[in-house]
Amino acid sequence: IKSSTLNAKIQYNFTANIWQHPAEGGWFFVSLPPELTEEIRKNLQWQEEGWGRMKATATVHELEWDTAIWFDKKRATYLLPLKAAIRKKAGLQVDQMISVRVLL
């Protein structure tokens, strides 16, 4: 196996609605669609670290950043946090539908 093969990333593209956790100052997220969550859990769950965290690279509105997705047991899906700097640069708001690319 070539070392570059070990570093290959799988790309997932989807659209999702931005939501904010209800706690004061709560984080902003998009939830991955159920069918993507199912595929990721089936094939890549071994990559999860503590608390269902999986390293990822995300792209929204041409802005790319290193991040992680988190498996939320209550929602039974992965969540992608949208950090403030990205939201500000892209002008993102709660309840906005956005296109997302995630590399795992």
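For the numbers below, each heavy atom of this structure counts, side chains included, while hydrogens, waters and symmetry mates do not. The residues of the chain are indexed from 1 along the displayed sequence. Keep in mind that what you see is a predicted model, and the values were worked out from it rather than measured.
- W46 and L36 fall within the same hydrophobic cluster, defined by Ile, Leu, Val, Met, Phe, Trp and Tyr side-chain heavy atoms under 4.5 Å apart, directly or through other members.
- Listed here is the closest heavy atom pair of L79 and S31: CD2-OG, 3.5 Å.
- A side-chain donor-acceptor contact under 3.5 Å links Q20 to the backbone of G26.
- Atom CD1 of I86 is separated from atom CG of L80 by 10.0 Å, given to the nearest 0.5 angstrom.
- Under the 4.5 Å side-chain contact rule for hydrophobic residues, F14 and W65 share a cluster.
- Paired with R87 under the rule side-chain contact (heavy atoms from CB on, under 4.5 Å), one option of L82, L63, V94 passes, and it is L82.
- Within the model, atoms CZ of F29 and CD1 of I18 stand 12.5 Å from one another, a figure rounded to the nearest 0.5 Å.
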Next on the checklist: Checking K55 against E49 for the side-chain contact (heavy atoms from CB on, under 4.5 Å) test, could you report, in this order, the C-alpha distance in whole Å, the side-chain angles of both residues, the deciding distance, and whether it holds?
Outcome noted: CA-CA 8 Å; K55 291 178 184 176; E49 298 171 349; 3.3 Å; yes
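- Distance check: I69 CD1 to T77 OG1 gives 8.5 Å after rounding to the nearest 0.5 Å.
- Cluster annotation: F28 is connected to V30 through the hydrophobic network of ILVMFWY side chains, with a link wherever side-chain heavy atoms come within less than 4.5 Å.
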Item to check | Test side-chain contact (heavy atoms from CB on, under 4.5 Å) applied to E48 and Y78, step by step | outcome: CA-CA 11 Å; E48 285 184 5; Y78 283 103; 2.4 Å; yes
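- Surrounding CD of E62 are at most 12 heavy atoms belonging to other residues, nucleotides or ligands under 6.0 Å away.
- Other residues, nucleotides and ligands place no more than 12 heavy atoms under 6.0 Å from the CH2 atom of W27.
- Closest of all the heavy-atom pairs between M97 and N17 is SD-N, 3.5 Å.
- Between atom CG of residue L44 and atom CG of residue L104 there is a gap of 6.0 Å, rounded to the nearest 0.5 Å.
- Counting heavy-atom neighbours within 6.0 Å of E38 CD, excluding the residue itself, gives a total of 12 or less.
- Atom CD1 in I40 sits 10.5 Å away from atom CZ in F71 (nearest 0.5 Å).
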Checklist entry - Can L32 and Y12 be said to form a side-chain contact (heavy atoms from CB on, under 4.5 Å), step by step? => result CA-CA 10 Å; L32 276 69; Y12 295 97; 5.8 Å; no
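- For the residue pair Q96 and G91, the shortest heavy atom distance occurs at OE1-O, 3.6 Å.
- Note that CG of L103 and OG1 of T67 are 12.0 Å apart. Values are rounded to the nearest 0.5 Å.
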